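Have a look at the structure below before the remarks.
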Number of protein chains: 2
Amino acid sequence: MKPQPASTVTIRDVAQAAGVHVSTVSRALNPDKRGLISAEVLKVVEEAARKLGYRPNRAASALRTGRTHTIGVLVPDITNPVFPPILQGIEASAAARGYFVFVTNVVDPTLARPIVERMLAQRVDGLVLAIATRDDPLVDYIAKAGMQAVLVNRADESGRLPAVVSDDRLAMKLAVDHLVSLGHRRIGHLAGPQNVPTGVGRRQGVEQALRDRGLELACVEACEGYSREAGRVAMQKLLEGHERPEAVVCCNDLVALGAYDVLRAHGIRVPQDISITGHNDMPLVDMVNPPLTTIRLPHRELGWRAAEMLFEGIEGRVLSSFTVVLRPELVVRESTRDLAGEP
Amino acid sequence: MKPQPASTVTIRDVAQAAGVHVSTVSRALNPDKRGLISAEVLKVVEEAARKLGYRPNRAASALRTGRTHTIGVLVPDITNPVFPPILQGIEASAAARGYFVFVTNVVDPTLARPIVERMLAQRVDGLVLAIATRDDPLVDYIAKAGMQAVLVNRADESGRLPAVVSDDRLAMKLAVDHLVSLGHRRIGHLAGPQNVPTGVGRRQGVEQALRDRGLELACVEACEGYSREAGRVAMQKLLEGHERPEAVVCCNDLVALGAYDVLRAHGIRVPQDISITGHNDMPLVDMVNPPLTTIRLPHRELGWRAAEMLFEGIEGRVLSSFTVVLRPELVVRESTRDLAGEP
DNA sequence: TTGAAAGCGCTAACAA
DNA sequence: TTGTTAGCGCTTTCAA
């Protein structure tokens, strides 16, 4: 049987060409052990390896050492513009350390478990979880399996897994404070799904920020998901079930755009008749009509930091901090109106 | 040395628990060889494997068989909304076959080569290349290394690698025909970079479509890249260097939005003063002001088909077709005006 | 500083 | 139908 193409150069070929033992080659080519090798031998080996185009077989090394130099990432939907920058951050960190990243799109949350199991079989060195379902038995499973893992964009309430998140409460406080400063009082909320941490966190953030200003949430509807369609449905319900608010804080940009759709259909103008805020500052929301006032998150850094934490864990260092909270920032555009200004 | 955590269950443990030989376990757990095993033994083995939580070590299997069940994808910029759906298509196809996908972000084209080399070391079973630089010595390298690879969103002019592409010429013909049918005659083009196949292909498409209608390209500027910023620069140049066209066909949506920026700054209204078309139908271009008339590509299918072709190649089947060309489709919105209609 | 030898977990050719 | 055996390419302990 000949599984590898004949062209494949192994460590044995290099050893032979260099006139040394394979173990010497192994040492010479391992940065950590290079010191054990005499300068001349080192040179000969490197020369031979170069000339033969030797490329260590990672599968063999993985089998021997148990380390694959590979991590897995679970994302709910790559197509959601929140995730590409996160992925980019993760990949940049991984690439800098010579790791590869398996990206999986977890369409259905129930698929997460089998995917993690396959990752386990693949012997990934660690996992970044960007999927957002709450109270996951998955966390249990991962913790029990002794896998290295970091959550991103979502904290682990059980405190067993490190996480990198954006400060959702602060984000909503920024939005609410902005609206209040513009003179708005009757403020509603289009909340995220209440079974994911960001959904409840942001809702609580809105409520708290309002309370801090001596106000109450005028009305609220929870969306089925973080999509434009879900935003449409929720906004429709909000209009039907409640007195119309002066402003609506939306759990994310897509939902805000869904709200735009419904408002336009009803002839309600943004921001003249109602102010709207989003969350994420996804690409092109500065180009929509009207340009959306929203909250910008450091998505790329979220991913980068998560990966860095993961590698700390993989390399056995003590994690410098268990939950990293990054700061969001308000981006004011034209979907919010100053009630004190001209009408 | 103990590389694996003690908890790891190997095929030996299963064999022992089931009271059979390891090779029997191997066969029993391999769908292709299950037939060789008696029903009783099969049951015992499966039971033992289940009870012990056995999970075959892919690294070991990879070392033995030379197959890693892993493919690599090279993407220029995950953040560009064209790529997530492509990636999704690839990943869906891979997941269905039990493969994992390494995603790499090739920021700088010169990094592609080292990445491919690392993929080679990782012994990926194949590669999908979504990077678009032309006349790549990379193709040479891949072909020589005997790697399985498929290009997506870009054809290989040398014809050595299979590819899945969208019909760029047809896309531009769709745009031009639409504009001509609206009464436009002085039509310009904001072209893509002329060192990538899509850039030249689309430009030729525009020219050809115009010629078919007995017209000539009124003016053209090539962009430095497929970004909004590049679109701004090119549109600025177009305005400065030429008589203003009635319509401009843009090489992609981002460039069209850059054109919007410049036109707005000059007080030129779209579509009243000039019509604009894009390409890609990226998310939210239906929400910008004015909603962009553009060309929709089957991005997800592009990725899916590329992956399916790759797997055909990996499994040694003859490729059913070498270059797959998918059809784009015109999406008419409000950035193009009928000159015959009311002004 | 280098070599010898064992073995990571799995698969497959061959034998029974 | 099952077992025996060898070995994929590499790393690492032990010995020299």
Side-chain angles (χ1 to χ4, degrees), chain A residues 1-45 48-49 52-69 120-123 125, chain B residues 1-45 48-49 52-69 120-123 125:
Chain A
M1 204 221 32
K2 186 163 274 170
Q4 300 293 332
S7 66
T8 309
V9 178
T10 77
I11 198 171
R12 252 218 272 302
D13 302 319
V14 178
Q16 201 149 37
V20 297
H21 195 263
V22 287
S23 59
T24 305
V25 175
S26 173
R27 284 186 276 253
L29 266 28
N30 177 342
D32 293 347
K33 312 242 163 129
R34 216 197 291 297
L36 303 174
I37 302 292
S38 71
E40 317 154 68
V41 174
L42 189 62
K43 191 175 262 173
V44 179
V45 171
L52 295 175
Y54 171 66
R55 206 141 275 296
N57 182 329
R58 284 255 177 134
S61 146
L63 177 57
R64 181 66 233 247
T65 63
R67 295 276 306 276
T68 54
H69 293 272
L120 213 55
Q122 195 78 39
R123 298 301 193 269
D125 293 335
Chain B
M1 204 218 33
K2 185 165 276 169
Q4 301 292 332
S7 66
T8 308
V9 179
T10 77
I11 199 172
R12 254 218 272 302
D13 302 319
V14 178
Q16 201 149 37
V20 298
H21 194 266
V22 290
S23 61
T24 307
V25 176
S26 173
R27 284 187 277 253
L29 266 28
N30 177 343
D32 293 346
K33 312 241 163 131
R34 216 198 290 298
L36 304 175
I37 301 292
S38 71
E40 318 154 68
V41 174
L42 189 62
K43 190 176 262 175
V44 178
V45 170
L52 295 175
Y54 171 67
R55 204 140 277 299
N57 183 329
R58 285 255 178 134
S61 150
L63 177 56
R64 182 66 235 248
T65 63
R67 295 277 306 276
T68 54
H69 292 272
L120 214 55
Q122 195 78 39
R123 298 301 193 268
D125 293 335

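Sequence lines set the chain letters: A, B, ... in the order given, protein chains first and strands last, and positions in each chain run from 1. All values derive from a computational prediction rather than experimental measurement.
If you measure from atom CD of A:Q122 to atom C1' of C:dG9, you get 14 Å, rounded to the nearest angstrom. In this structure, A:I11 places its CD1 atom 12 Å from P of C:dG3, rounding to the nearest Å. Between the NZ atom of A:K33 and the P atom of D:dC10 there is a distance of 15 Å, rounded to whole Å. A:R55 has its CZ atom 16 Å from the C1' atom of D:dC10, to the nearest Å. Spacing between atom CG of B:L63 and atom P of D:dC8 amounts to 9 Å, rounded to whole angstrom units.
For the OP1/OP2 pair of C:dG9 and a distance below 4.0 Å, the side-chain nitrogens and oxygens of A:R123 include no atom meeting the criterion. Checking the phosphate oxygens (OP1, OP2) of C:dG9, no side-chain nitrogen or oxygen of B:R58 falls inside 4.0 Å.
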**Study point:** Derivation and outcome, side-chain contact (heavy atoms from CB on, under 4.5 Å), residues A:R34 and A:V45
**Key:** CA-CA 11 Å; A:R34 216 197 291 297; A:V45 171; over 6 Å; no
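Expressed to the nearest 0.5 Å, how far NZ of B:K43 lies from CD1 of B:I37 amounts to 15.0 Å. With rounding to the nearest 0.5 Å, the separation of CZ in B:R58 from CZ in B:R67 is 10.0 Å. A distance of 11.0 Å separates OG1 of B:T24 from CG of B:L42, quoted to the nearest 0.5 Å. Atom CG of B:L63 is separated from atom OG1 of B:T68 by 12.0 Å, given to the nearest 0.5 angstrom. With rounding to the nearest 0.5 Å, the separation of NE2 in B:H21 from CD1 in B:I11 is 10.0 Å.
Side-chain proximity of B:N57 to the nucleotides D:dC10, C:dC10, C:dA12 is greatest for C:dC10. Of the candidate nucleotides C:dC10, D:dC10, D:dC8, C:dC10 has the atom lying nearest to any side-chain atom of B:S61. The side chain of A:T10 lies closest to D:dC10, out of C:dG3, D:dC10, C:dC10.
Taking 4.5 Å as the limit, some side-chain heavy atom of A:R123 sits within range of a side-chain heavy atom of B:N57. Two residues are said to be in side-chain contact when any heavy atoms from C-beta on lie closer than 4.5 Å; B:V20 and B:V44 fail this criterion.
For DNA chain D, the neighbouring residues in residues 23-30 of chain B, judged by any heavy atom under 4.0 Å, are B:S23, B:T24, B:R27. Residues from residues 34-42 of chain B placing a heavy atom under 4.0 Å of any atom in DNA chain D, listed by number, are B:L36, B:I37, B:S38, B:V41.
Between B:H21 and B:A59, it is B:A59 whose nearest contact on DNA chain C lies nearer the 5' terminus.
Here the side chain of B:D13 pairs a donor or acceptor atom with the backbone of B:T10 at under 3.5 angstrom.
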